[in-house]
Number of protein chains: 2
Amino acid sequence: MKQIDKRQQLVNTALKLFYKKGIHAVGINEILVESGVAKKTLYHHFTSKEALIQACIAERDHSFMTWFIQKCNDNSSTEIFIKQVFDALDEWINDKSVELGSFSGCFFVNSAAEYSDHQNEIKKLCLQHKTHIKHFFEQQLEPLIPDKNQLNSLVGLLLLLKEGCINCAHVMGDKQSALKAKALALVF
Amino acid sequence: MKQIDKRQQLVNTALKLFYKKGIHAVGINEILVESGVAKKTLYHHFTSKEALIQACIAERDHSFMTWFIQKCNDNSSTEIFIKQVFDALDEWINDKSVELGSFSGCFFVNSAAEYSDHQNEIKKLCLQHKTHIKHFFEQQLEPLIPDKNQLNSLVGLLLLLKEGCINCAHVMGDKQSALKAKALALVF
DNA sequence: CGCGAAGTATACAGACTTGTCTACCTGGTT
DNA sequence: AACCAGGTAGACAAGTCTGTATACTTCGCG
């Protein structure tokens, strides 16, 4: 760690640009200019653009999960938990959570759409993030809902509404979608 | 119209490739080879790649709406209508509707993610498709639900669940998401 | 003091991109 | 019979992309 870790600087800049414009639309030179880092340094830390992309996805997975878990830490009742989940999503959608950057839909959905091959490493990493979310829901709700079937169907509902409101907000511009989703989730 | 309309041939091939791989990932030469059309012919029908992309989005909007409206034509009760909607989505997700091509998520969500500028023509066309869907829902349910508030909240629910199940199926690989969404929608 | 890791700056190779241009072919209409 | 819109094939211009190479600088540590 010299002054500011150049590797981290590259990942942060690349992630910001990839998230905003899409992966294929952003070239390496743009990332270099924006971050103020030399090309040699990039290829010192990463073997290729592909490796940089994978590091960005890992970074986003980590920072998103950290943020989300911290926002939804109270699982004293299902009602409280559900409220936390969609209030957090509402904050994200309406740019009230600085750590996630300007809202531009789900980075993993956007990125997965740019790769067709299901064996592709990037596509697999995107899917992995979604299972992280699912596991988190299951882990938090397990103590509250003893019946396995009931648990699974609530987790399924939450995932469906989460994906739904993120996409309605992104492509339809409905910035209240998370609050609508919350109201629906609370009716069970 | 000579034998087979070359313009249509180009749009069909380009749409298939854009949908599968993403817009930026597909070059014009790939479209030419795949469709067996000469470059001169492409630039005879379209001023640029951008114009071809726009034609593809218009084509997808048209073919998707035609298919969807035909699948959801019975609005004798809200229950029947909701069942039709999610059964149609289930067919699409599980590749039982040939006219939509191999399922790869929502073409409009995928495409919109590749453009950052909200003034971009392509992004606007993607948003337009989503309003077409919304208007269709409103138009079909209006005679069945006299109360405006109730109508709006049901339309909102359907849009949320529709986007949700499409994305869960695409990025999480949950091919039963449409049936789950149907069950939830029917509880109101 | 000197070494080596990490950095800057930039030229360059080689492949790929969009879009233009020339030269030629084909089939229907007047 | 002659014309011409619409087609093929492919070379080419001009630019962009990733990744490599060269030459120089800075800084912490033994």
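Naming convention: chains lettered A, B, ... in sequence-line order (proteins, then strands); numbering from 1 in each chain. Being a predicted model, the structure only gives us computed values, none of them experimental.
Within the nucleic acid shown, His24(B) has no heavy atom closer than 4.0 Å to any nucleic acid atom.
Using a 4.0 Å cut-off, no side-chain N or O of His45(A) falls inside it from OP1 or OP2 of dA6(C). At dA11(C), none of the side-chain N or O atoms of Lys39(A) fall inside 4.0 Å of OP1 or OP2 (strictly under the cut-off). Side-chain nitrogen and oxygen atoms of Lys40(B) include none within less than 4.0 Å of the OP1 or OP2 phosphate oxygen of dT8(D). For His44(A) and dT8(C), the shortest distance from a side-chain N or O to OP1 or OP2 is not below 4.0 Å. Proximity of Thr41(B) to the phosphate of dT8(D): a side-chain N or O atom is located under 4.0 Å from OP1 or OP2.
For the pair Glu30(A) CD and dT18(D) P, the computed distance is 10 Å after rounding to whole Å. Rounded to whole angstrom, the span from the CG atom of Leu42(B) across to the P atom of dT18(C) amounts to 10 Å. For Arg7(A) and dA6(C), the CZ to P distance is 13 Å, given to the nearest whole Å. Between the OH atom of Tyr43(B) and the C1' atom of dG7(D) there is a distance of 17 Å, rounded to whole Å. If you take CD1 of Ile31(A) and C1' of dT16(D), they are 15 Å apart, rounded to a whole angstrom. Straight-line distance from the CD atom of Glu50(A) to the P atom of dC17(D): 18 Å, rounded to whole Å. One can place CD1 of Ile28(A) at 10 Å from P of dC17(D), the figure rounded to the nearest angstrom. As rounded to whole Å, 14 Å separates atom C1' of dT16(D) from atom CG of Leu32(A).
Of the charged side-chain nitrogens involved, at least one lies within less than 4.0 Å of a carboxylate oxygen, so that Lys180(B) and Asp174(B) count as a salt-bridged pair. A salt bridge is absent between Glu79(A) and Lys182(A); no separation between the charged side-chain nitrogens and carboxylate oxygens falls under 4.0 Å. For Asp117(B) and Lys123(B), the salt-bridge test fails: no basic side-chain N is under 4.0 Å from an acidic carboxylate O.
When the nucleotides dT18(D), dT17(C), dT8(C) are ranked by their closest atom to the side chain of Asn29(B), dT17(C) comes out on top. Out of dG19(C), dT8(D), dG7(C), the shortest distance to the side chain of Lys6(A) is found at dG7(C).
Nearest-nucleotide positions on DNA chain D for Ser48(A) and Ala38(B) put Ala38(B) closer to the 5' end.
With a 6.0 Å cutoff to the six-membered ring centre and a 45° limit on the axis angle, Arg60(B) does not count as a cation-pi contact of Phe108(B).
When only modelled atom types and interatomic distance are considered, Gln9(A) and Asp5(A) share no side-chain donor-acceptor pair under 3.5 Å.
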